[in-house]
Amino acid sequence: MTTTVVGAGLAHSFAESRPFDYEADLNGYQQMLHNPAYLLDGLPFSLTLLAILLAHEMGHYLAARYYRVDASLPFFIPAPTLIGTLGAFIRIRSAILSRRVLFDIGIGGPLAGFVALLLPMAAGVSMSKIVPGIGTQGDLLFGTPLVLRLFEWMIFPHTPIVNIYLHPVARAAWVGLLATALNLLPIGQLDGGHILYSFVGERTRILSRFFVAALAGLGAVQLFTSEYRVGYMWLLWALVLLLVGMRHPTIIDPAKLSPTRRWLGLAALIIFLLTFTLAPIRTAGASEPSATTERHGAKTSPNQERVSQATQRGRGLLWRL
């Protein structure tokens, strides 16, 4: 329900070519009480996002079931957040006794989730449109991971990032990219921490602290030296990981991973680099120029007249991916 409300806000903002305003669209919770049909516009975003999160968790679950590890089915956590959820998880209820099993369960989620989001991302970007300067408007600005930029380049060649307005389906895929990148951080009980432990064992405890410190350092640098106040996100994430995410169960298994799993570990690293961005969500700094969109009844500018043509061109290129 919460993801559908957020999706409806995204859909209405997209239709009006205005930046998404989370606070303004909070009235969606009131609108759905008076007009339940309001939620229908949010289904493309919510169903896409939930499918991606489900694919990620089922990757873990199926790997656990294959090795007869007791695991729960996925749980989703609804919340009135910027994306309408706090994610999903499964609960492992029995011990994992080998590095091989730990690796396969740990990497199953990111691989499944990444594969699952590629088609929605391609379709969503193809349904996106060009709105000059949209990427610099609004109180919240969104980063562009490398893999998303590759899709944008293929579908909207020679178009600056700030002029591409992502369709809600593409925005759901963007959330999937963010979730994949965060889970692949090589820290503690995150998926990346499990993968790292499979390779280096108990040294993961020291390396996890190093990576948490690096994450906090990145947040501090961005918070105090950048015009974008994004550092609080990484500082908060580093604090949460330090408090509850550092512990990793000990696995006594001297066996090394097979060459195939080592290649899969490299694939996980590549996926992390493709999905990670230094500033996924940031607030506009004081020096950010104010940009306002034209309201209903305003004259159409030459740039706006080209939006429909550019969008149609982008849709045509999808079939050549």
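Position 1 is the first residue of the sequence, and the numbers go up from there. Computed from a predicted model, the values in this text were never measured in an experiment.
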What distance do [X] atom [atom1] and [Y] atom [atom2] have between them, rounded to the nearest 0.5 Å?
| X | Y | atom1 | atom2 | answer |
| --- | --- | --- | --- | --- |
| Leu218 | Leu235 | CG | CG | 8.5 Å |
| Leu111 | Leu184 | CG | CG | 8.5 Å |
| His194 | Arg99 | NE2 | CZ | 14.5 Å |

Side-chain H-bond candidate by donor/acceptor type, [X] with [Y], under 3.5 Å:
| X | Y | result |
| --- | --- | --- |
| Ser198 | Arg262 | no |
| Gln222 | Tyr232 | no |
| Arg18 | Ser13 | yes |

For Ile252, is the CD1 atom crowded, meaning more than 12 foreign heavy atoms sit under 6.0 Å from it?
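Result for CD1/Ile252: open.
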Under 3.5 Å donor-acceptor, [X] side chain and [Y] backbone:
| X | Y | value |
| --- | --- | --- |
| Ser72 | Ile90 | no |
| Thr2 | Gly84 | yes |
| His60 | Ile105 | yes |
| Trp174 | Pro168 | no |

What's the shortest heavy-atom distance between Gly265 and Ile107, and which atoms?
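Looking at all heavy atoms of both residues, the closest pair is N-CD1, 4.2 Å.
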Cation over ring, Arg171 on Tyr165, under 6.0 Å and within 45°?
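The answer is no; the distance or angle limit is not met.
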Is the Lys NZ or Arg CZ of Lys129 less than 6.0 Å from the centre of Phe14's six-membered ring, within 45° of the axis?
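Geometry flag: set, cation within 6.0 Å and 45°.
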Phe211 and Trp237: aromatic ring centres closer than 6.0 Å?
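Aromatic pair excluded; centres sit 6.0 Å or further apart.
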Take the angle between the ring planes of Phe75 and Phe89 and call it parallel below 30°, perpendicular above 60°, tilted in between.
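Judged by the thresholds at 30° and 60°, the geometry between Phe75 and Phe89 is parallel.
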Carboxylate-amine/guanidinium contact Arg261 Asp104, below 4.0 Å:
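Between Asp104 and Arg261 there is a salt bridge, with a charged N closer than 4.0 Å to a carboxylate O.
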